Engineer: 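Quick one: the structure is below, questions incoming.
What you are looking at is a predicted structure, and each value in this text was computed from that prediction instead of being measured. Ligands are counted one by one from 1 in listed order, and the atoms in each one are counted from 1 as well.
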Amino acid sequence: MRSYSQDLSGGLENVPVLIENSVPKEALSYFQYVPENVQGPGCDLDPNAVTLPGCSCRVQSCFPERCPCLRFGQTYDSRACLNQHPQDATYSRPVFECNAFCSCGESCQTRVVQNGVCVRLGVFSTADRGLGVEALERLPCGRFVCEYAGEVIGIDEARRRQLSQTPLHMNYIIAVQEHKGLDRVTQTFVDPVNLGNVGRFINHSCQPNLIMLPVRVHSVLPRLALFANRDIECYEELTFDYSGGQNSSAETAKLDEETHVGADGEEIPQKKVCRCGASNCSGFLPLDMSILH
Ligand SMILES: C[S@@+](CC[C@H](N)C(=O)[O-])C[C@H]1O[C@@H](n2cnc3c(N)ncnc32)[C@H](O)[C@@H]1O
């Protein structure tokens with residue numbers, strides 16, 4: 001069992017995010033903890049501005065039949081867990097929570113991600129993947145764990161940051177694409193390298209125990225929320241699939257066989273060996289080529 005003491009969040013989360021005592025201070029010297037997304041270069045909106053309308057349900061907890069925030073159905077159960085299995089197709093639809101403009105109570109069942117980290121997590125040194133995060137309590141399937149929070153940046157900034165990296169750098173930029181109708185795609189880029197929360201220490205696995213869902217709370221900008229996709233034991237390392245479940249190995253494999261220089265002559269970061277140890281491991285970390293095109 002690892003020994004933990006300090007709170008990485010400095011009191012900014014509901015529960016301390018513990019750091020293993022053996023993690024060297026230098027490993028975190030350039031990092032500043034922010035519990036929620038912040039506006040970064042190229043992002044036109046302040047992620048903390050309230051840009052969604054509220055409901056007028058004057059009840060403690062909203063009903064799906066009446067509440068416009070629940071037009072796609074009830075998302076959570078009374079234990080703040082997803083009320084369908086996380087792999088269920090339901091979650092390919094947008095998820096909205098009640099927000100600051102809503103008339104319902106603060107204990108409304110439709111407020112989960114906005115309540116922040118409520119489970120005990122520990123940041124520890126892995127043998128071969130830098131730092132990682134483990135659960136310090138049992139987590140039931142569907143439980144909200146934490147956000148992947150950081151600077152929300154525009155695509156040009158994401159491209160600039162990605163191209164400035166070499167395979168020796170750790171990559172923290174997550175690009176989430178959402179399909180709206182047949183021809184509209186919205187992209188959200190979050191980079192928690194310097195400003196971020198506990199989510200930025202979670203490693204990739206080809207057989208993960210978390211799933212990432214875009215959840216809208218007060219703003220049209222989604223928050224990237226991580227939920228348990230099965231029951232998780234205390235001291236299990238937490239992981240999610242950096243590709244969001246889409247198999248990007250074909251594209252990354254092509255990159256490796258051919259060239260590491262893009263069409264405009266720019267250097268393209270090379271793919272990295274995946275050390276998740278899963279039986280279905282694809283061999284390499286997903287590399288989101290949509291940022292580079
Ligand atoms: C979002 S960070 C995860 C936290 C990171 N381990 C740290 O120490 O801050 C992503 C980086 O961690 C490393 N990493 C994450 N999952 C990995 C895996 N399955 N195999 C090898 N390296 C991994 C890679 O360097 C990757 O670019």
Engineer: If you look only at pairs with a residue in residues 160-169, which of them pass as a salt bridge (Lys or Arg N to Asp or Glu O under 4.0 Å), with sequence neighbours excluded?
Structural biologist: E151-R161, E157-R160, E157-R161, R161-D191
Engineer: So which residues, sorted by chain and number, lie with a heavy atom under 4.0 Å of ligand 1?
Structural biologist: R129, G130, L131, Y148, M170, N171, Y172, R200, F201, I202, N203, H204, Y242, K272, V273, C274, R275, C276, L285
Engineer: Given the side-chain rings of F201 and F31, with only the six-membered ring counted for Trp, is the space between their centroids under 6.0 Å?
Structural biologist: yes
Engineer: Is a salt bridge present between E137 and R120, judged by a nitrogen-to-oxygen distance below 4.0 Å?
Structural biologist: no
Engineer: Are R230 and E236 close enough for a salt bridge, meaning some N to O gap below 4.0 Å?
Structural biologist: yes
Engineer: State, without any angle test, whether Y4 and E134 hold a side-chain donor-acceptor pair at a distance under 3.5 Å.
Structural biologist: yes
Engineer: Look at the rings of Y242 and F240 and say which category their plane angle falls in: under 30° parallel, 30 to 60° tilted, over 60° perpendicular.
Structural biologist: tilted
